[in-house]
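For reference, the structure discussed in these notes is given below.
Below, all heavy atoms of this structure are taken into account, side chains as well, without hydrogens, waters or symmetry copies. Since this is a predicted model, take the numbers as computed values, not measurements.
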Amino acid sequence: MSEVSILDRLNLVLCCCAGFVGLPFQSVELRIVDLVSRDKYTVLAESNINGTKVFVGKNESPIGDLLVKGPSVFREYWKNPEATKKEFTHDGWFITGDTVEYTEGSYKILGRKSVDIIKSGGYKLSALEIETQLLALDEVREVAVCGLSDPTWGQKVAAMIAWNGKELSLNEFRELAKKRLPAYACPSVIKTIDELPKNQLGKVNKKELVKLF
């Protein structure tokens with residue numbers, strides 16, 4: 001799995017469903033935005049002491065970059081004003097680097113924007129959600145999913161897999177995966193490995209994973 005999300009370190013009312021992290025306590029403010037730069041973004045949804053307000057269509061679940069304010073957020077990098085400026089918006093919101101969705105009255109982590117969000121054929125896919133579904137297959141022991149650059153689709157979904165027993169072909173694997181995922185989210189590239197490469201913390205480095213493909 002990828003690095004720990006900033007949401008996992010904030011004071012939140014937790015939900016029991018996978019990926020959902022609930023709502024912030026009253027001291028924490030959240031925004032889901034379409035982030036262009038630290039000086040330019042569009043607010044899609046916002047949570048504060050008065051509750052949560054969605055600014056997109058009535059039946060839509062906004063997905064975008066997560067911004068945070070509150071006493072649990074650090075003020076600045078020690079003696080590094082340039083780094084501080086880079087990580088905060090012009091109006092003081094911390095840019096977490098997480099992509100989240102507000103749905104069913106709760107916030108749901110889709111992953112780190114830099115490594116866990118795959119943009120393929122107009123879809124914004126969560127590598128974490130794809131991994132969760134693939135790990136539910138009896139044939140899969142370990143799996144890590146990432147996006148590979150593709151001139152047609154933008155990115156294609158790739159999976160590095162350690163099997164439980166027999167190795168499957170791409171077609172065999174895709175047929176299994178389609179039982180749990182829509183076709184557009186099923187990996188179109190797979191690579192077999194005995195064990196996923198992990199760092200000293202036991203986490204898969206997605207950027208290094210891309211190089212192995």
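Ring planes of Tyr123 and Tyr184: parallel class, angle under 30° (limits at 30 and 60°).
Separating the CD atom in Gln133 from the CZ atom in Arg180 is a distance of 4.5 Å, to the nearest 0.5 Å. A distance of 12.0 Å separates SG in Cys186 from NZ in Lys179, rounded to the nearest 0.5 Å. Put simply, CG on Asp34 and NZ on Lys40 are 9.5 Å apart, with the number rounded to the nearest 0.5 Å. Separating the OG atom in Ser169 from the CG atom in Asn171 is a distance of 5.0 Å, to the nearest 0.5 Å. Taking CZ of Arg174 as the reference point, atom CG of Leu168 lies at 13.5 Å (rounded to 0.5 Å). Of the inter-residue distances, the one linking Thr99 atom OG1 with Asp116 atom CG reads 8.5 Å to the nearest 0.5 angstrom.
Of the residues Asp98, Asp65, Thr96, the one that meets the side-chain hydrogen bond (donor to acceptor under 3.5 Å, both in side chains) test with Lys113 is Asp65.
Around atom CD of Gln26, no more than 12 heavy atoms belonging to other residues, nucleotides or ligands sit under 6.0 Å away. Atom CH2 of Trp153 is surrounded by 12 or fewer heavy atoms from other residues, nucleotides or ligands within 6.0 Å.
Sorted by first and then second residue, the side chain to side chain donor-acceptor pair (under 3.5 Å) pairs with a member in residues 80-90 read Thr89-Asp91; sequence neighbours excluded.
A salt bridge links Glu131 to Lys206: one of the charged nitrogens lies within less than 4.0 Å of a carboxylate oxygen. Ionic pairing of Lys124 and Glu101 is not present here: no N-O contact between side-chain nitrogen and carboxylate oxygen is shorter than 4.0 angstrom.
Residues Phe213 and Cys146 come closest through the heavy atom pair CE1-SG, 3.8 Å. Looking at every heavy atom in both residues, Leu212 comes nearest to Pro197 through CD1-CG, 3.7 Å. Heavy atoms only, all atoms of each residue included: Val143 and Ile161 are closest at CG2-CG1, 3.9 Å. Scanning all heavy atoms of the two residues, the minimum distance from Leu137 to Leu176 falls at CD2-O, 4.0 Å. Taking every heavy atom of both residues into account, Ile32 and Gly64 meet most closely at CG2-N, 3.4 Å. The two residues Ala162 and Asp194 come nearest to each other via the heavy atoms CB-O, 3.6 Å.
Contact check for Asp150 versus Ser188: no side-chain heavy atoms found under the 4.5 Å cut-off. Here the side chains of Lys166 and Glu139 are not in contact, with every heavy-atom distance at 4.5 Å or above. Contact annotation: the side chain of Ile118 approaches that of Val145 to within less than 4.5 Å [non-hydrogen atoms, C-beta and beyond].
The main-chain N or O of Lys156 is never found under 3.5 Å from a side-chain atom of Ser120 such that the two would form a donor-acceptor pair. The backbone N or O of Thr52 sits nowhere less than 3.5 Å from a side-chain atom of Ser47 that would complete a donor-acceptor pair. Ser61 contributes no side-chain N or O that, together with a main-chain N or O of Thr103, makes up a donor-acceptor pair within less than 3.5 Å.
Following chains of ILVMFWY side-chain contacts shorter than 4.5 Å, one can reach Val140 starting from Ile190, so the two form part of one hydrophobic cluster. Residues Leu110 and Val68 do not share a hydrophobic cluster, clusters being chains of Ile/Leu/Val/Met/Phe/Trp/Tyr side chains in contact below 4.5 Å. Tyr102 and Ile117 are assigned to two separate hydrophobic clusters, defined by single-linkage of ILVMFWY side chains at heavy-atom distances under 4.5 Å. If you chain together hydrophobic residues whose side chains sit under 4.5 Å apart, Ile63 and Leu66 never meet in one group.
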Audit row: Leu134, Leu181, side chain to side chain contact (heavy atoms under 4.5 Å, CB included) steps and yes/no:
CA-CA 9 Å; Leu134 296 181; Leu181 291 165; 3.8 Å; yes
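Under the salt bridge (Lys or Arg N to Asp or Glu O under 4.0 Å) criterion, Lys191 pairs with no residue at all, not counting sequence neighbours.
Annotation: Phe88 is in aromatic contact with Phe74 [ring centroid separation under 6.0 Å].
Annotation for Phe55: hydrophobic cluster partners, listed by chain and number, are Val33, Leu35, Tyr41, Val43, Leu67, Trp93, Ile95 (ILVMFWY side-chain heavy atoms under 4.5 Å, direct or chained).
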